[in-house]
Amino acid sequence: MTLRRRIAEIAGGQKPSKIELRNAVRRTHAAEAAKPYDAMRPATSAPAEHLVRQKRRPPVEDW
């Protein structure tokens, strides 16, 4: 029932205008586009792999 109310609320709401839709598409394309300052940024190398450490297990005590 809650889901139906939420869907009805979204469907019954105000539709975005053409300007809002256009601006949303522009923001998406601008975020995906290559930036000129990325070429000036120094390249980062992949992080070095860490050695696997052995677990320290406590000694077993026999009573």
Side-chain angles (χ1 to χ4, degrees):
M1 185 55 103
T2 306
L3 182 61
R4 287 184 181 180
R5 287 181 185 160
R6 183 71 179 134
I7 291 172
E9 180 183 315
I10 292 171
Q14 184 180 3
K15 293 184 179 180
S17 67
K18 287 186 179 182
I19 294 172
E20 291 172 341
L21 292 174
R22 183 179 349 122
N23 288 338
V25 170
R26 285 180 177 173
R27 280 192 301 272
T28 303
H29 286 276
E32 294 172 356
K35 307 292 185 256
Y37 54 81
D38 283 342
M40 296 184 293
R41 185 176 296 155
T44 57
S45 60
E49 291 186 25
H50 295 285
L51 298 175
V52 177
R53 293 176 21 179
Q54 293 183 355
K55 293 183 179 180
R56 295 179 115 192
R57 293 194 166 92
V60 177
E61 297 179 8
D62 290 332
W63 291 74

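Keep in mind the model is a prediction, meaning the values are calculated, not measured.
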Query raised in the report: Which residues pass the side chain to side chain contact (heavy atoms under 4.5 Å, CB included) test with Ile19, sequence neighbours left out?
Result: Ser17, Arg22, Asn23

**Report entry** Contacts of type side chain to side chain donor-acceptor pair (under 3.5 Å), residue Arg6, not counting sequence neighbours
**Finding:** Glu9

Requested in this report: Linking directly or through intermediates, with side-chain heavy atoms under 4.5 Å: list the remaining ILVMFWY members grouped with Met40, chain and number order.
Outcome: Tyr37

Requested in this report: Would you indicate whether Lys35, at its atom NZ, is surrounded by more than 12 heavy atoms from other residues, nucleotides or ligands within a distance under 6.0 Å?
Outcome: yes

Query - Partner set under side chain to side chain contact (heavy atoms under 4.5 Å, CB included) for Thr28, not counting sequence neighbours - result: Glu32

Query raised in the report: Which residues satisfy the side chain to side chain contact (heavy atoms under 4.5 Å, CB included) test with Arg53, sequence neighbours excluded?
Result: none

Requested in this report: Go through the structure and list residues passing side chain to side chain donor-acceptor pair (under 3.5 Å) with Arg5, not counting sequence neighbours.
Outcome: none

